[in-house]
K.L.:
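Have a look at this one.
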Amino acid sequence: MRTSQFPLNTVKETPSDAEIISHQLTIRAGLVRKLAAGLYNWLPLGVRVLQKAQQIVREEMNDAGALEVLMPVVQPSELWQESGRWEQYGPELARLHDRHGREFCLGPTHEEIITELARNEIKSYKQLPINYYQIQTKFRDEIRPRFGIMRSREFIMKDAYSFHLSDESLQETYDRMFQAYNNIFTRLGLNFRPVLADTGSIGGNASHEFHVLADSGEDAIAFSTESQYAANVEKAEALAPTEQRADANQTLEKVATPNQRSIEEISNFLNVTTAQCLKTLLVKGDDDTVVALLLCGHHSLNDIKAEKLDGVASPLTMASDADISQAAGCDAGYIGPINLGVPMIVDRSAAKMANFICGANENDMHYTGVNWGRDLAEPTRIEDIRQVVEGDASPDGKGTLTIARGIEVGHIFQLGTKYSEAMNASVLNENGKNQIMTMGCYGIGITRVIAAAIEQNHDDKGIIWPPALAPFQIALLPMNMHKSERLKTAAEKLYIELKDAGFDVLFDDRKVRPGFMFSDMELIGIPHRIVLGDRGLDNGMVEYRARTDSDNQDIPLDQVIAHLKAATHQ
RNA sequence: CGGGGUGUAGCGCAGCCUGGUAGCGCAACUGCUUUGGGAGCAGUGGGUCGGGAGUUCGAAUCUCUCCACCCCGACCA
């Protein structure tokens with residue numbers, strides 16, 4: 001490709017609203033342009049990268065036995081009503097009407113559609129298992145789209161859905177997808193980790209997320225220092241402390257704490273650590289009741305763990321101010337478990353506290369020196385409801401946890417029969433009886449993969465594409481070609497030879513200064529660069545430089561192709 | 001949804017407080033010079049100052065209203 005026919009649309013200035021590096025570079029390099037909040041146009045250069053990513057995903061999915069289909073973006077409400085998600089899904093689901101007033105939505109995901117397809121097309125156990133996938137645009141009306149293509153409202157996703165008769169068959173396909181995902185992200189050249197995950201709103205059993213490790217990631221991942229254990233902190237179990245509870249050697253006292261509400265304020269005011277304070281959260285329970293959740297002051301509630309507990313409303317909802325004053329007789333900030341007449345769920349760590357501080361259920365008052373079993377009953381319900389923190393014991397018993405940031409680029413689930421049951425997707429089994437199929441689902445955010453790749457691979461000059469994602473492999477840069485007929489002839493000849501050798505070459509035939517060319521090619525991250533100049537031509541030499549090199553290398557003109565083949569492992 | 005902020009040329013911004021014929025840099029276009037790390041000089045084009053209403057002789061500037069976009073928060077016990 002020639003730059004004279006393939007405009008680069010690079011810009012020198014960073015747009016003011018781009019916060020993270022991948023957002024800045026996707027715009028500066030001319031991959032995308034913003035159309036509106038969370039909506040992006042993809043320019044020719046960006047499309048080439050998209051296609052590279054899609055191709056790898058396609059190849060690995062096909063190799064793993066999945067079959068490509070294509071489903072509509074616009075989906076009829078009836079199917080969503082059948083699965084129950086028309087009501088469940090909030091404002092994130094963009095709904096619309098056609099001219100006849102019929103209701104539709106823009107698909108944020110395709111479980112309903114694939115289940116409808118499968119129940120019509122699959123009649124016999126002999127057709128199972130089967131794994132369908134598509135690469136399709138999704139729309140989710142995010143609360144806050146941000147970071148450019150990292151979290152946009154419209155995005156491209158590869159989603160796959162498998163159908164089975166048995167859990168064993170589902171597990172087999174799940175394992176195969178797990179392997180396929182490892183292959184895909186490895187080929188894409190990303191530093192990633194599969195982690196145990198929560199199944200979220202889609203529901204189901206086993207689940208892994210694939211995270212690209214980057215400081216700008218929106219998810220926190222807990223890793224074991226000693227083992228392969230890795231989990232989203234939403235999911236990571238906080239083990240009960242192994243040490244015994246300390247002796248109750250302080251006396252219970254009620255102290256005035258005027259205007260000291262938060263754990264932070266209380267600990268400062270009383271000159272103690274936050275770990276000595278007990279945090280009492282009131283949340284909504286079943287049918288208009290209120291439940292107290294008790295945590296160590298330095299721990300945070302994990303609402304995903306909490307809302308799964310019996311007696312706690314899902315989604316987790318904090319009690320209103322009115323509920324609080326009715327249940328505890330005080331304002332938020334002074335609630336405590338002593339004489340609190342609501343059911344209590346105590347975190348494993350909080351149950352081991354001794355001589356702690358808590359609210360007195362009276363405004364501007366706290367208790368100090370509080371002890372379980374003496375000043376109030378021993379906890380009757382102890383659960384894991386907190387977020388893990390750095391240094392916690394790893395749930396698999398090996399090592400301790402460290403916490404790193406990750407970008408979720410893939411997610412695989414065992415869905416079970418949630419959709420197939422609701423939508424009656426069944427086949428005839430070996431005994432001639434109807435049997436509901438069990439399902440798995442497997443997603444990869446294609447557009448997010450590109451943002452993640454840039455987050456992980458860039459320098460102050462621009463993008464450094466992993467070879468598999470680069471829009472072009474080689475930049476061919478003639479120096480001042482318009483002034484030298486000899487150079488022009490040589491450059492044109494080399495361009496043809498490189499193309500014939502099977503390389504993706506970007507030939508910069510613009511009449512621009514050398515520095516301009518260098519900067520452009522570095523910004524858009526082309527992995528390999530060949531520079532042709534009159535000086536080198538006198539000696540039959542060209543210059544080679546990889547995007548990651550700091551120096552040029554002189555290569556005899558007749559060995560360029562061999563050199564590039566070695567450099568690109570072709 | 002709550003809080004904060006910003007809308008002025010394609011992009012980045014000044015001008016607004018204190019009302020009086022709309023500016024700077026980059027980009028674009030033309031010409032000349034230049035040519036191994038985002039060139040120099042000269043010139044040219046480009047703006048419903050986010051929309052609407054109001055105050056005023058006169059509004060980018062003051063008032064009201066609507067819209068768009070950005071940031072933070074949605075853990076307060």
Side-chain angles (χ1 to χ4, degrees), chain A residues 7-20 23-24 27-28 30 33-39 90-92 143-148 257 259-267 274 277-283 290 292-295 297-303 306 315-321 323-325 327-337 340 357-366 385-387 461-462 477-484 487 508 510-524 529 531-536 542-543 545 550 552:
Chain A
L8 292 178
N9 303 313
T10 52
V11 289
K12 227 189 296 187
E13 289 180 72
T14 304
S16 59
D17 56 358
E19 292 257 299
I20 61 171
H23 188 188
Q24 294 170 1
I27 289 169
R28 288 227 294 129
R33 291 286 184 259
K34 186 168 82 168
L35 178 65
L39 302 176
E92 204 173 290
I143 297 179
R144 185 140 88 88
R146 59 182 132 179
F147 302 150
T257 50
N259 282 319
Q260 309 298 312
R261 295 159 187 279
S262 69
I263 292 288
E264 201 67 13
E265 287 166 352
I266 299 289
S267 61
T274 53
C277 301
L278 180 82
K279 191 190 286 196
T280 309
L281 304 170
L282 293 185
V283 300
V290 169
L293 304 179
L294 278 64
L295 293 159
H298 65 304
H299 287 147
S300 299
L301 179 65
N302 180 321
D303 43 3
L316 190 79
T317 315
M318 289 293 165
S320 66
D321 290 345
D323 291 338
I324 290 172
S325 80
C330 63
D331 295 339
Y334 304 100
I335 312 170
L340 183 63
I357 291 156
C358 66
N361 296 322
E362 187 180 331
N363 282 352
D364 300 330
M365 298 300 281
H366 280 78
I385 55 172
R386 72 172 172 92
Q387 208 90 268
K461 290 172 178 157
L477 308 185
M479 302 289 93
N480 303 308
M481 182 169 73
H482 60 282
K483 280 182 23 183
S484 164
L487 186 64
D508 201 342
R510 294 175 296 182
K511 190 180 166 182
V512 295
R513 301 162 67 86
F516 195 92
M517 283 184 184
F518 296 147
S519 300
D520 255 1
M521 295 302 150
E522 280 158 353
L523 176 58
I524 67 175
R529 176 176 99 184
V531 173
L532 268 171
D534 263 317
R535 285 203 304 259
V542 301
E543 288 161 29
R545 182 153 162 181
S550 51
N552 292 329

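Keep in mind the model is a prediction, meaning the values are calculated, not measured. Chain identifiers are assigned alphabetically (A, B, ...) following the order of the sequence lines, protein sequences preceding nucleic acid strands; residue numbering begins at 1 within each chain.
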K.L.:
By nearest heavy atom, map Arg529(A) and Gly333(A) onto RNA chain B; which one lands nearer the 5' end?
P.N.:
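The 5'-side residue here is Arg529(A).
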K.L.:
Looking only at atom types and distance, does a side-chain atom of Arg33(A) sit under 3.5 Å from a main-chain N or O of Ile27(A), one as donor and one as acceptor?
P.N.:
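Yes, because the side chain of Arg33(A) sits within donor-acceptor range (under 3.5 Å) of the backbone of Ile27(A).
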K.L.:
Could you check whether Val531(A) gets within reach of a base, just the sugar-phosphate, or nothing at all, counting any heavy atom under 4.0 Å?
P.N.:
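Here Val531(A) touches the bases of the nucleic acid.
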K.L.:
How far apart are the C-alpha atoms of Ile324(A) and Asp331(A), what are their side-chain angles, what is the distance that settles it, and do they pass the side chain to side chain contact (heavy atoms under 4.5 Å, CB included) test?
P.N.:
CA-CA 7 Å; Ile324(A) 290 172; Asp331(A) 295 339; 5.9 Å; no
K.L.:
Under a 3.5 Å limit for both distances, which nucleotide forms a Watson-Crick or G-U wobble pair with C1(B), could you say?
P.N.:
G73(B)
K.L.:
I'd like the C1' distance from G47(B) over to G3(B), given in whole Å.
P.N.:
33 Å
K.L.:
Could you state the atom-to-atom distance from CD1 of Ile266(A) to C1' of A77(B) in whole Å?
P.N.:
9 Å
K.L.:
Just compare C75(B), A77(B), A74(B) and give me whichever is closest to any side-chain atom of Ser300(A).
P.N.:
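Looking only at side-chain atoms, Ser300(A) lies closest to C75(B).
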K.L.:
Considering just the side-chain nitrogens and oxygens of Ser16(A), establish if one lies under 4.0 Å of OP1 or OP2 belonging to G12(B).
P.N.:
yes
K.L.:
Give none if A39(B) has no partner; otherwise give the nucleotide forming a Watson-Crick or G-U wobble pair with it, both distances under 3.5 Å.
P.N.:
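Answer to the pairing question: U33(B), which forms a Watson-Crick or G-U pair with A39(B).
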K.L.:
Report the base-pairing partner of C26(B) (Watson-Crick or G-U wobble, both distances below 3.5 angstrom), or none.
P.N.:
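Its partner is G10(B).
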K.L.:
Identify which one of Leu294(A), Asp303(A), Asn302(A), Leu301(A) satisfies the side-chain contact (heavy atoms from CB on, under 4.5 Å) criterion when paired with Ile385(A).
P.N.:
Leu301(A)
K.L.:
Are Thr14(A) and His23(A) side-chain neighbours, meaning at least one heavy-atom pair lies under 4.5 Å?
P.N.:
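No, too far: nothing below the 4.5 Å cut-off.
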K.L.:
In whole angstroms, how far is the P atom of C70(B) from the CD1 atom of Ile27(A)?
P.N.:
11 Å
K.L.:
For Asn552(A), which contact category applies under a 4.0 Å heavy-atom criterion: base, sugar-phosphate, or nothing?
P.N.:
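Base contact.
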K.L.:
Return the nearest nucleotide to the side chain of Glu13(A); candidates are C75(B), C70(B), C11(B).
P.N.:
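My answer, after comparing the listed nucleotides, is C11(B).
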K.L.:
When the C1' atoms of G19(B) and A60(B) are considered, how many whole Å apart are they?
P.N.:
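Result for the C1' pair: 10 Å, nearest Å.
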K.L.:
Of the nucleotides G36(B), C71(B), A77(B), which one has an atom closest to the side chain of Ile263(A)?
P.N.:
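So the nucleotide nearest the side chain must be A77(B).
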K.L.:
Quick one, Ile335(A) with Asn361(A), criterion side chain to side chain contact (heavy atoms under 4.5 Å, CB included). Give me CA distance, side-chain angles, the key distance, then yes/no.
P.N.:
CA-CA 5 Å; Ile335(A) 312 170; Asn361(A) 296 322; 3.6 Å; yes
K.L.:
Between Gly533(A) and Phe147(A), which residue's closest nucleotide on RNA chain B lies nearer the 5′ terminus?
P.N.:
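Residue closer to the 5' terminus by nearest nucleotide: Gly533(A).
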K.L.:
Starting the side chain at C-beta, find the nucleotide from G12(B), A77(B), C69(B) nearest to Ser262(A).
P.N.:
A77(B)
K.L.:
Across all strands, who's sitting opposite G54(B) as a Watson-Crick or G-U wobble pair, both distances under 3.5 Å?
P.N.:
C62(B)
K.L.:
Classify every nucleotide of nucleotides 38-44 of chain B by which part a protein heavy atom approaches to under 4.0 Å, writing B for the base, S for the sugar-phosphate alone and - for neither, in 5'-to-3' order.
P.N.:
BB-----
K.L.:
With C1' as the reference atom in both, quote the distance from A14(B) to U33(B) in angstrom, rounded to an integer.
P.N.:
33 Å
K.L.:
Provide, to the nearest angstrom, the distance between the CZ atom belonging to Arg386(A) and the C1' atom belonging to C75(B).
P.N.:
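That distance rounds to 16 Å.
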K.L.:
Classify the nucleic acid contact of His482(A) as base, sugar-phosphate or nothing, counting any heavy atom under 4.0 Å across all strands shown.
P.N.:
base
K.L.:
Determine the interatomic distance between C1' on A39(B) and the same-named atom on A22(B); round to the nearest Å.
P.N.:
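Looking at atom C1' only, A39(B) and A22(B) are 30 Å apart.
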K.L.:
Considering only the C1' atoms, how many Å lie between U6(B) and G12(B), rounded to the nearest integer?
P.N.:
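Nearest-Å result for U6(B) against G12(B) at atom C1': 14 Å.
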K.L.:
Report yes or no: does Thr257(A) contribute a side-chain atom to a donor-acceptor pair with the main-chain N or O of Gln260(A) at less than 3.5 Å?
P.N.:
no
K.L.:
Taking all non-hydrogen atoms of both residues, which atom of Pro145(A) and which atom of Gly38(A) are closest, and how far apart?
P.N.:
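Shortest heavy-atom separation between Pro145(A) and Gly38(A) comes out as CB-CA, 3.8 Å.
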K.L.:
Can you check the Asn9(A) CG to A28(B) P distance for me, whole Å?
P.N.:
12 Å
K.L.:
Quick one: closest heavy-atom pair of Leu293(A) and Ala306(A), and the distance?
P.N.:
CD1-CB, 4.1 Å
K.L.:
Looking at C71(B), I'd like to know if its phosphate oxygens (OP1 or OP2) sit under 4.0 Å from a side-chain N or O belonging to Arg144(A).
P.N.:
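Checking Arg144(A) against C71(B): at least one side-chain N or O falls below 4.0 Å of OP1 or OP2.
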K.L.:
Can you tell me how far C1' in G5(B) sits from the matching atom in G50(B), rounded to whole Å?
P.N.:
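Each nucleotide's C1' atom is 16 Å from the other's.
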K.L.:
Between G36(B), G37(B), A77(B), which nucleotide has the shortest distance from any of its atoms to the side chain of Arg545(A)?
P.N.:
G37(B)
K.L.:
In whole Å, what is the span from the CG atom of Leu295(A) to the P atom of C76(B)?
P.N.:
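Rounding to the nearest Å, CG of Leu295(A) and P of C76(B) are 13 Å apart.
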K.L.:
Go ahead and name the base partner of G19(B); Watson-Crick or wobble counts if both distances stay under 3.5 Å, otherwise write none.
P.N.:
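Base partner found: none.
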K.L.:
Using the C1' atom on both, measure C64(B) against A59(B) and round to a whole Å.
P.N.:
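C64(B) and A59(B) have their C1' atoms separated by 14 Å.
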K.L.:
What interatomic distance, in whole Å, is found between P of G54(B) and the corresponding atom of C72(B)?
P.N.:
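Comparing P positions in C72(B) and G54(B) gives a spacing of 39 Å.
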K.L.:
Does some side-chain heavy atom of Lys461(A) sit less than 4.5 Å from a side-chain heavy atom of Phe518(A)?
P.N.:
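Sidechains of Lys461(A) and Phe518(A): no contact.
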K.L.:
Rounded to the Å, how far apart are Gln260(A) CD and C76(B) P?
P.N.:
16 Å
K.L.:
Could you check how far CG of Leu8(A) sits from P of A28(B), rounded to whole Å?
P.N.:
13 Å
K.L.:
Expressed as a whole number of angstroms, how long is the span from Glu92(A):CD to A74(B):C1'?
P.N.:
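The answer, rounded to whole Å, is 15 Å.
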K.L.:
Apply side-chain hydrogen bond (donor to acceptor under 3.5 Å, both in side chains) to Thr274(A) and list each qualifying residue two or more places apart in sequence or on a separate chain.
P.N.:
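Thr274(A) satisfies side-chain hydrogen bond (donor to acceptor under 3.5 Å, both in side chains) with no other residue.
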K.L.:
Mind checking Lys34(A) for me? I need base, sugar-phosphate or nothing, with any heavy atom below 4.0 Å counting as a touch.
P.N.:
sugar-phosphate
